[in-house]
Structure formats: C-alpha cells, structure tokens
Amino acid sequence: MRWSQTFIPTMKEIPADAEIPSHQLMLRAGLIRQVMAGAYTYLPLGWRAVRKVEAIVREEMERAGAIELFMPALCPAELWEQTGRIDDYGNALINFPLVRGDRQVRVVLGPTHEEVVTDLMARQIKSYKQLPITVFQIQTKFRNEERPRFGVMRTSEFQMKDAYSFGTDLDQLNDAYEQMYQAYRRIFSRCGLDYRPVEAESGPIGGDASHEFMVPAENGEDEIVHCDSCGYAANTERAETGRGVPEIAAPAAMSDRALVDTPEAGSIEQVSRMLGCEPSQMIKTLIYSIDDEPVAVLVRGDHEANEAKIRRAVGATTIELSDPETITRVTGAPVGFAGPVGLDCPLLADHDVAQITDGITGANQGDAHLTGVNIGRDYSLDTTHDLRMATAGDPCPRCDGSLELARGIEVGHVFKLGTKYSTALSAEYLDENENKHPMLMGCYGIGINRIVAALAETSFDDNGLIWPLSISPFQVLVIPLNITDDDVMSAAESIYDQLGTAGFDVLMDERKARPGFKFKDADLIGIPLRVIVGGKGLADGVVELKWRTDSDVTRIPLDQIVDTVINELAERTSAESQQVPE
RNA sequence: CGGGACGUAGCUCAGCCUGGCAGAGCGCCGGCUUUGGGAGCCGGAGGUCGCAGGUUCAAAUCCUGUCGUCCCGACCA
C-alpha cells in the first residue's frame with residue numbers, strides 16, 4: 001500500500017477529548033475516529049489491525065476444534081423473554097419494535113448469542129452422538145453503555161468472538177472449557193499482550209468455572225487481586241481472602257455503650273467525620289432482601305460488601321439491597337442509621353466485624369449512633385463469613401502470601417454456563433437409554449477490538465505506538481526520503497515490490513514531505529520494521545534498516561536489503577511465537 | 001441516573017470576568033526557497049462562537065433552557 005493512496009489521517013496534537021494513551025494514540029495514529037459517544041469508525045490502519053486479530057482468533061478457534069458460523073445481530077425478543085434476560089439485561093439491551101405491515105416484530109440487537117445459538121442447537125441436536133460440539137462466530141455486538149468511556153475500550157457497538165460449547169455431561173463441558181482456555185492463552189500471546197488469567201465470578205456451576213483474561217493496565221476498568229507468592233489471581237468480586245473465623249467473644253476491656261446524636265449523618269464518611277473516628281472503627285449495617293427476607297449484613301466501615309459472597313454464604317438465589325420502606329420497617333429508623341444492637345432480624349457478619357472493640361454503629365433510630373458497641377455484650381453472632389471485597393494486604397486464600405491490587409483490561413472471558421439456557425430453551429438430547437437431558441453449555445468471549453485497544457494502551461513510547469509484528473497493520477514501512485530523486489525512488493519501488501511479492505504487508509511513504517515529518521509519522525503509527533532509502537546512503541550503496549524499538553539504524557547494502565528484511569521478519573516472527581504456549 | 005468540567009476555524013486553544021470589527025499556532029490551497037527528526041517567507045481560503053429563547057442600542061461575552069462531549073461515581077461483562 002502506498003501512503004498517498006490510502007487514508008491515514010495522523011494528528012500532531014492530542015485531541016482534547018482523549019484522556020488515556022490508547023485513545024489518544026489511536027486517534028493520533030489515524031486508526032479510529034469517533035462518530036458519537038461509544039461508537040467509532042475504524043479507519044484503514046485500525047481496521048487492518050482488527051482484521052489481523054480476527055485472523056489469529058479464527059485460526060486458534062479452529063485449531064481448538066470450534067466451528068465457525070454466523071448468527072444475526074438482529075434477534076427476536078421472544079427468545080430473550082424465554083430466558084428472562086430481556087429483564088435481567090435491562091437498559092443495556094438494545095431492543096425495539098420493527099414495523100412489518102400491520103404488525104410489529106419486537107427485536108433485540110444481540111449483546112451475546114446464548115439464546116440464538118441454544119435455540120439453534122435445540123432444533124438440530126437430538127442425540128448424544130451429535131455431541132460434543134463447539135461453535136463460534138465473530139460479529140458486531142451491541143450493548144447500550146449508559147456511560148461509554150475510555151475511547152474504544154468501552155463502546156456500545158464492538159467486535160466480539162463468541163463461542164458456545166454443548167456437551168452431554170460435565171466431562172465434555174470441562175474438556176471444551178479447557179480447550180478454549182488453552183486457545184485463549186495462545187491467542188493473547190500471539191497478539192503480543194501481557195495478560196493474566198484470573199478467577200472470576202462463577203455462577204451456577206461453582207468452583208473454578210469462570211476465568212477472565214486481563215491485560216494489566218493502569219487505566220483498566222476492572223480491579224483484580226493477585227498473590228505474587230503463589231500466582232493466585234482473581235477479580236475483586238470473586239477474590240476470596242485467607243482470613244479465618246476469629247474467636248467470637250467480648251473483648252477483655254470495653255467502654256460503656258453510649259447513644260450519641262448524629263444529626264443528618266447517615267453515611268460512614270459523615271459519621272466518622274462528625275465523631276472524629278476512623279471508618280474502620282464502625283460497623284456498617286446493610287439491610288439486604290435475601291430471597292425476599294430481610295437480613296442485616298455487617299461489614300467493617302472501611303470495607304465493601306460483596307453480594308455474590310453474601311449469596312453464597314446463605315445459599316440464596318436472589319439478593320438485593322432492601323428498599324427504604326423495608327429498612328425503616330426492620331430497623332425503625334431511616335436509611336443510614338441501622339445497627340446490630342437490638343435488631344430483630346438475622347445478622348450475617350464479616351470476619352473482621354467480630355474483631356472490632358468499641359465499635360460505632362447506627363442506633364436504629366433517626367439521627368443517632370451508638371458508640372462502645374461490642375460483640376458478646378451488645379449483640380451476638382454464632383459465626384462469621386467472608387462477605388466483603390478483597391483489599392490490598394489481605395492474606396492469600398491459597399498460601400502464606402498476601403494479596404495485591406491491580407487494574408486490568410478484560411480481553412476475554414470463559415464461562416461454564418451449565419444448563420441455564422438449555423433448560424429455558426429445551427435444548428435436550430437423548431442418551432443411550434432414551435432419557436432426555438438438557439445439554440451442558442459453556443460460553444467463551446473475546447473482545448476483538450478491545451485487544452487492539454489493550455495493545456495500544458500498553459505498548460507505546462513518547463513517539464507513538466509500538467506494534468508487535470503479529471497484529472501490526474503493516475509489517476514493513478519503506479520510506480524514500482526524497483521522492484524527486486529518481487535513484488531513491490527506483491530503489492524504494494524495487495524494495496517495495498519485492499517485499500510485497502514475497503507476501504509481506506508493506507506500506508510505502510511516498511508522500512512529498514520532509515524527512516523529519518515522515519519519521520515522526522512513522523514513529524506514531526508504529527510499524528515494526530522500517531526501511532529508509534535516502535540519497536546519501538544510496539551514494540554509498542546502502543539503505544537503512546531500523547526496528548521501531550531500535551535507537552539507531554543499521555546500514556545494509558542495497559542488494560542485500562530484501563533478503564535481510566525477509567530474514568529479520570522471519571526471526572522476529574519466530575521470536576514472537578516462542579512466547580506462545582503449546 | 002447523581003456529581004464535576006468543557007463546547008469559538010479541520011486540530012490545539014486565546015478572547016468571556018469588565019458586552020462594542022471573530023483571533024493565534026498548527027493543518028489546508030497557491031507561489032518561491034528548503035530537504036535526514038513535525039521547515040522558512042509571501043499570498044489566500046475557511047466560523048450560524050453547539051442550539052433555542054431572553055436582557056440590551058449592541059451578545060462569543062450576561063441570564064434561562066436545551067443538546068453534545070469528556071471525567072468521577074452508580075449501573076454494566
């Protein structure tokens with residue numbers, strides 16, 4: 001491709017709306033342009049990178065035995081009603097009626113395709129002999145992000161690879177999951193990403209039934225914890241802590257309990273400021289409706305409750321914060337003044353709560369708190385649980401180490417679904433004895449364009465992007481410095497032709513521009529290997545070769561340049577693939 | 001949806017407080033010079049100052065509303 005004949009609008013200045021490196025660089029390097037909040041056009045350079053990622057994903061999916069198909073983005077709302085997800089998804093699901101003659105057809109734009117693919121399999125798979133099977137597609141997905149942000153990292157329309165496995169039993173599901181897990185490791189490695197699989201919220205199957213693949217990045221949206229001693233990693237929602245049940249007994253020395261006025265102070269922050277205490281001295285009391293029964297959940301004031309952990313602790317199916325009316329009925333006080341003392345409802349406490357001496361908590365009456373609250377004397381518990389989000393410094397659940405916090409970009413997710421969708425949509429098979437069973441499913445997603453964004457977010461220097469060879473829009477950039485010099489141009493043309501013929505993606509910057517200008521653009525768009533053809537070098541019979549990450553050029557005789565480039569590309573490709581797990 | 005910021009040329013921004021000719025740099029077009037790290041000089045094109053209403057002799061500037069974009073949070077895989 002010749003630069004002047006393609007479309008690479010680079011920018012010297014940093015667009016005011018872009019805050020994070022990937023967004024700034026993708027705009028400046030001419031990869032994307034914004035159309036509206038949460039929707040971007042991929043320009044030729046950006047789209048080439050996306051396509052390279054797609055090709056790698058496709059290759060690895062097929063290598064792992066998955067079969068490609070293509071489902072419509074437009075799906076009947078009816079299927080979503082059958083699984084209940086039309087409500088679960090809420091406003092994030094884009095759905096609207098289509099007018100067809102005198103009737104309306106309600107449709108959704110698929111944010112994922114469990115419904116459609118399960119319905120397909122329900123119709124086509126009848127026998128255990130047809131299983132297992134894993135299918136995948138690469139397609140545009142839609143989610144109405146109420147607050148799109150971080151450039152292309154979080155948009156309302158995005159490219160996703162989604163795969164679905166169907167099997168007869170847990171063994172087949174585990175096999176498919178393992179296949180996908182390994183394929184994902186190869187995919188992210190091949191794309192040149194530093195990534196980390198972390199345990200994620202597992203849903204109905206339990207155990208290690210879900211992993212997210214995270215790219216560590218300051219600007220990542222997700223928070224994860226990890227242990228450097230044993231390698232345990234999980235997202236903060238999922239992360240267990242290595243804390244045990246403490247001794248539940250009244251402290252040896254405690255103050256008298258006292259009622260204090262805390263007018264209008266219903267939050268931990270307000271109360272701690274008003275009373276001059278640390279949030280960690282407070283007992284946060286949250287009234288949850290768990291399977292529609294009110295339960296008071298206690299966590300330390302500086303901690304955050306984890307609803308999934310609470311649900312697991314009591315084996316419940318639904319959990320939500322109670323509405324203000326319920327809270328008033330249960331505690332006798334407006335929201336913000338609940339406490340465990342004298343509360344007539346079940347108490348569920350986090351481990352750390354039992355270790356608070358002279359705690360401060362709501363008095364179950366408006367504008368008042370209690371101080372000097374102690375377990376054993378003022379309220380009692382049978383046991384305690386791990387009910388809160390993990391934080392930095394918590395003991396590791398797997399070893400003697402401690403947990404650290406980090407942020408990351410989620411680029412992939414593998415999940416054992418179980419029978420949720422196959423049951424709802426009657427995707428059943430007959431076994432050897434003619435008994436019907438719902439199929440066991442797994443689902444496996446990869447954010448295709450998010451891989452490109454994650455790369456841009458983590459691989460750059462002061463001058464611009466730094467692509468790995470594997471997903472770079474072009475592999476080689478040929479720069480003739482002076483296009484009015486016939487010798488320079490014919491040498492450049494010859495190199496360009498030969499490399500193109502040899503099957504490489506070559507871009508030639510034959511614009512009429514000064515050398516400095518071209519070098520700046522070259523650094524910005526970050527093509528890995530650069531061949532510079534200049535009049536001075538040619539006079540000595542050489543051209544210059546430079547990797548994007550090199551500080552200096554290497555002079556190569558003109559008649560060897562094509563072979564040298566081919567060799568270096570082969571070496572780099574091989575070096576990159578050394579990193580890819582088997 | 002709650003909180004905050006910002007909307008002036010393609011991009012980055014000044015002008016707004018204290019109302020009185022629509023500005024700069026970069027980019028773009030033409031010309032000359034220059035040619036190894038975002039060149040120099042000369043000439044030029046380009047704006048419904050987000051939109052609507054109000055105040056005023058007069059509004060980019062003051063007031064009200066509205067739309068858009070970004071950031072923090074809520075929500076969300």
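Residue numbering restarts at 1 for every chain, and letters A, B, ... go by the order of the sequence lines. Not measured: the values here are computed from a predicted model.
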Spacing of the C1' atoms in G4(B) and U8(B) (rounded, Å): 22 Å

Touch class at under 4.0 angstrom, heavy-atom based, for I14(A) against every strand present: sugar-phosphate

Options G38(B), C75(B), A77(B), nucleotide nearest the side-chain atoms of D521(A): G38(B)

Sugar-phosphate, base or nothing in reach of E212(A), heavy atoms under 4.0 Å: base

Electrostatic pair E493(A):R2(A) at N-O distance under 4.0 angstrom: yes

Of the listed nucleotides G38(B), G36(B), C70(B), the one nearest the side chain of K536(A): G36(B)

Nearest listed nucleotide, side chain of E410(A), among C72(B), A77(B), U35(B): A77(B)

Touch class at under 4.0 angstrom, heavy-atom based, for N235(A) against every strand present: base

Whole-Å gap separating P (G50(B)) and CE (M36(A)): 22 Å

Electrostatic pair D350(A)-K309(A), nearest N-O below 4.0 angstrom: no

5' priority, RNA chain B, between M11(A) and H23(A) [closest heavy atom]: M11(A)

L524(A) CG - C11(B) P separation (whole Å): 17 Å

N/O donor-acceptor pair, side chain E146(A) with base A74(B), under 3.5 angstrom: no

Mate of G73(B) where both pairing distances stay under 3.5 Å, Watson-Crick or G-U: C1(B)

Sugar-phosphate, base or nothing in reach of F158(A), heavy atoms under 4.0 Å: nothing

Closest nucleotide among G36(B), G38(B), A77(B) to the K12(A) side chain: G38(B)

Side-chain ion pair, K420(A) and E114(A), N-O less than 4.0 Å: no

Touch class at under 4.0 angstrom, heavy-atom based, for P9(A) against every strand present: nothing

Whole-Å distance separating the CD atom of E320(A) from the P atom of C75(B): 13 Å

Distance, P atom - from G65(B) to C21(B), rounded to whole angstrom: 29 Å

Test: K141(A) and E157(A) ion pair at under 4.0 Å: no

Out of C71(B), G37(B), U69(B), whichever nucleotide has its closest atom nearest the side chain of K520(A): G37(B)

Under-4.0 Å salt bridge between D521(A) and R28(A): no

Mate of G43(B) where both pairing distances stay under 3.5 Å, Watson-Crick or G-U: C29(B)

Touch class at under 4.0 angstrom, heavy-atom based, for D17(A) against every strand present: sugar-phosphate

Euclidean distance for P, C6(B) against G46(B) (whole angstrom): 31 Å

K546(A), nearest nucleotide to its side chain (from G37(B), G73(B), A77(B)): G37(B)

T10(A), nearest nucleotide to its side chain (from G36(B), C70(B), G38(B)): G38(B)

Between P of C72(B) and CZ of R407(A), the distance in whole Å: 9 Å

Pair partner, C6(B) [Watson-Crick or wobble, under 3.5 Å]: G68(B)

Heavy-atom donor-acceptor pair, E13(A) side-chain to G10(B) base, under 3.5 Å: no

From G38(B), C70(B), A77(B), nucleotide with atom closest to E19(A) side chain: C70(B)

Separation of G36(B) C1' from D523(A) CG (nearest whole Å): 13 Å

C62(B) - base-pair partner by Watson-Crick or wobble geometry, distances under 3.5 Å: G54(B)

Toward the 5' end of RNA chain B, by each residue's nearest nucleotide, P148(A) or E544(A): E544(A)

Carboxylate-amine/guanidinium proximity below 4.0 Å for E307(A) and R312(A): no

Span that lies between the C1' atom of G36(B) and that of G50(B), in whole angstrom: 44 Å

Any strand: nucleotide that pairs with C16(B) via Watson-Crick or wobble, under 3.5 Å: none

Sole residue of M61(A), K161(A), M160(A) in side chain to side chain contact (heavy atoms under 4.5 Å, CB included) with I138(A): K161(A)

Phosphate-side-chain proximity, R147(A) and C72(B), N/O vs OP1/OP2 below 4.0 Å: yes

Pair E223(A) + R407(A): basic N to acidic O under 4.0 Å: yes

Derivation of the side-chain contact (heavy atoms from CB on, under 4.5 Å) call for L558(A) and I495(A): CA-CA 9 Å; L558(A) 180 59; I495(A) 294 166; 4.1 Å; yes

Distance, C1' atom - from A59(B) to G53(B), rounded to whole angstrom: 13 Å

Proximal nucleotide (of C72(B), G37(B), U35(B)) relative to the F519(A) side chain: G37(B)

Nucleotide C75(B), atom P - distance to CZ of R149(A) in whole Å: 11 Å

Rounded interatomic separation in angstrom, taking CG from D552(A) and C1' from G37(B): 13 Å

Closest nucleotide among U12(B), U69(B), G38(B) to the A37(A) side chain: U69(B)

Integer angstrom distance from the P of G37(B) to that of G73(B): 44 Å

Spacing of I94(A) atom CD1 relative to A77(B) atom P, expressed in whole Å: 14 Å

Atom C1', compared across A9(B) and G27(B): separation rounded to whole Å: 11 Å

Integer angstrom distance from the P of G3(B) to that of U66(B): 13 Å

